[in-house]
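Residue numbering restarts at 1 for every chain, and letters A, B, ... go by the order of the sequence lines. Side chains included, hydrogens not; waters and symmetry mates left out as well; all remaining heavy atoms used.
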2 protein chains.
Amino acid sequence: MAEPAQPAQDYESLLRAAGVRITRQRRTILTILTDGGDHPDALEIFRRACAVDPSISLSTVYRTMKVLEEKGAIHRHAFGDGPSRFEQADGAHHDHLIDIDSGDVIEFRSERIEALQEEIAKELGYEIVSHRLELYARKRRPR
Amino acid sequence: MAEPAQPAQDYESLLRAAGVRITRQRRTILTILTDGGDHPDALEIFRRACAVDPSISLSTVYRTMKVLEEKGAIHRHAFGDGPSRFEQADGAHHDHLIDIDSGDVIEFRSERIEALQEEIAKELGYEIVSHRLELYARKRRPR
DNA sequence: CTCATTGCAAATACTTTGCAATGGC
DNA sequence: GCCATTGCAAAGTATTTGCAATGAG
């Protein structure tokens, strides 16, 4: 019976196949990213990791994020002007709405916007390599 | 005969009206922003300013950018992961396409995308306070 | 004259890096 | 056993801030 191509948890074999050694620290970080389902920054990942393994260092968090990003296992975002925040790269591409009061992030996707972006780039003589669409918003006051 | 509401050059009176003192340094920076028509970062503004007035300091550039931003005279952008880059805030709102090879920035505006963004935020129960749409792209190879 | 603004140096926030020790595979 | 990876401390980049001197209005 065939395995699904990429079960959410199984980054380990993918990374191993890419020549990345799975250390205790990396496993801890990977678990945090998989379990959290949110968009923590390096310091927050470090805090959560420390709770599990107090010997982990912030350098290792930063280095691991770089490796995971290069291997495509995570995405890095720079919301507003704060530190980079990370998320697991399992689902399809999506954009972000950031609640400016709470810092919460809501993911969304609009095929129409994606298509319009392509169209615009094309008109300008360019090919999109990546893009970033962020809506900084505030909860509507129900009245 | 009525003056246009905001001649490109005349930020000075607007700022003065907002209680901002127009110093030699600020005038220099304002001129650089007006003349450049590009999206320089603080260091680049500092370099250009030094050419005109070597006594200016980088702190003053940063402090001035903050004041100008608060008064709405400029916009601050954080393209990619680099330093903040600034542009004069005269025209209408627009988004940016960044040439990833040259760093050049092309401005564009799509009413349809703007409308779709509003629609999405509304559906999620939010009101957009600001947004950021950046296309990182590469020139199409003509073939 | 008054108080906003400046230059300088030191501080801060986030991130990267050199190096010797450790530990996957 | 080899070499990728680690922790630590130090360095690096972008930006902000305390303070005494200066200068705009």
Side-chain angles (χ1 to χ4, degrees), chain A residues 11-32 39-71 73-86 103, chain B residues 11-32 39-71 73-86 103:
Chain A
Y11 280 111
E12 288 193 19
S13 18
L14 287 170
L15 290 169
R16 226 184 287 263
V20 174
R21 290 187 182 172
I22 305 302
T23 62
R24 177 171 41 88
Q25 295 88 334
R26 287 180 177 167
R27 189 168 287 135
T28 301
I29 292 172
L30 237 15
T31 302
I32 287 167
H39 300 68
D41 61 22
L43 199 57
E44 176 61 24
I45 293 170
F46 174 62
R47 280 195 211 99
R48 296 183 196 173
C50 272
V52 177
D53 170 6
S55 81
I56 209 166
S57 83
L58 184 54
S59 302
T60 295
V61 173
Y62 276 110
R63 274 190 281 232
T64 300
M65 299 329 280
K66 178 165 287 187
V67 171
L68 295 182
E69 188 185 11
E70 282 166 6
K71 300 305 176 186
I74 60 168
H75 291 305
R76 173 192 302 260
H77 303 291
F79 299 136
D81 55 353
S84 291
R85 294 173 61 176
F86 306 91
Chain B
Y11 280 112
E12 288 192 20
S13 18
L14 285 170
L15 290 170
R16 226 183 287 263
V20 175
R21 290 187 182 173
I22 304 303
T23 62
R24 176 170 41 87
Q25 295 88 333
R26 287 180 176 167
R27 189 168 287 136
T28 300
I29 292 172
L30 237 15
T31 302
I32 287 167
H39 300 69
D41 61 22
L43 198 58
E44 177 59 26
I45 294 170
F46 174 63
R47 281 195 210 98
R48 296 182 197 174
C50 273
V52 176
D53 169 7
S55 80
I56 207 166
S57 82
L58 184 54
S59 301
T60 295
V61 173
Y62 276 112
R63 274 189 281 231
T64 300
M65 300 328 281
K66 177 165 288 187
V67 172
L68 296 181
E69 188 185 10
E70 283 166 6
K71 301 304 177 188
I74 61 167
H75 291 305
R76 173 192 301 262
H77 303 291
F79 299 136
D81 55 353
S84 291
R85 294 173 60 176
F86 306 91

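When the side-chain contact (heavy atoms from CB on, under 4.5 Å) test is applied to Tyr62(B), the partners found at least two apart in sequence or on another chain are Ala42(B), Leu58(B). With sequence neighbours left out, the salt bridge (Lys or Arg N to Asp or Glu O under 4.0 Å) criterion links Arg48(B) to Asp38(B), Glu44(B). Scored by the side-chain hydrogen bond (donor to acceptor under 3.5 Å, both in side chains) test, Arg76(B) finds Glu69(B), Ser84(B) as partners (sequence neighbours excluded). Residues satisfying the ring-ring contact (aromatic ring centres under 6.0 Å, His included) test with Phe79(B), not counting sequence neighbours, are His77(B), His96(B). Residues meeting the side-chain contact (heavy atoms from CB on, under 4.5 Å) test with Ala78(A), sequence neighbours left out: Arg132(A). For Ser57(A), the side-chain contact (heavy atoms from CB on, under 4.5 Å) partners two or more places apart in sequence, or in a different chain, are Ser59(A), Thr60(A). Remark: Glu70(B) pairs with no residue by the salt bridge (Lys or Arg N to Asp or Glu O under 4.0 Å) rule, at least two apart or across chains.
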Are Ile74(A) and Met65(A) close enough, and set up right, to give a side chain to side chain contact (heavy atoms under 4.5 Å, CB included), and what steps lead you there? CA-CA 8 Å; Ile74(A) 60 168; Met65(A) 299 329 280; 3.4 Å; yes
When you look at Ile29(A) and Ile56(A), which way does the side chain to side chain contact (heavy atoms under 4.5 Å, CB included) test go after all the steps? CA-CA 10 Å; Ile29(A) 292 172; Ile56(A) 209 166; 4.2 Å; yes
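Arg27(A) contributes atom CZ, which lies 12.5 Å from atom OG1 of Thr64(A) (distance to the nearest 0.5 angstrom). Put simply, CG on Asp53(A) and OG1 on Thr28(A) are 5.0 Å apart, with the number rounded to the nearest 0.5 Å.
When DNA chain D is scanned in the 5' to 3' direction for atoms under 4.0 Å from non-hydrogen atoms of chain A, the outermost contacting nucleotides are dC3(D) to dA9(D).
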Anything under 3.5 Å between a protein N or O and an N or O of nucleotides 21-23 of chain C, put it in a table, one pair a line.
{"from": "dG23(C)", "atom 1": "N2", "to": "Arg21(A)", "atom 2": "NH1", "distance (Å)": "2.8"}

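Contact check for Arg26(B) versus Leu15(B): no side-chain heavy atoms found under the 4.5 Å cut-off.
Two end axes, each from the C1' atoms of five base pairs, can be drawn for the helix from dC1(C)-dG25(D) to dC25(C)-dG1(D); they diverge by 40°, to 10 degrees.
Each of Gly19(A) and Pro83(B) has a nearest nucleotide on DNA chain D; the 5'-most of these lies closest to Gly19(A).
Between dA4(C) and Thr23(B), no contact under 4.0 Å exists linking OP1 or OP2 to a side-chain N or O.
When heavy atoms are screened at a 4.0 angstrom cut-off, Ile22(A) is found touching the sugar-phosphate backbone but no base atom.
Spacing between atom CZ of Arg63(B) and atom C1' of dA4(C) amounts to 11 Å, rounded to whole angstrom units.
Residues from residues 52-62 of chain B that place a heavy atom under 4.0 Å from any atom of DNA chain C, listed by number: Ser55(B), Ile56(B), Ser57(B), Ser59(B), Thr60(B).
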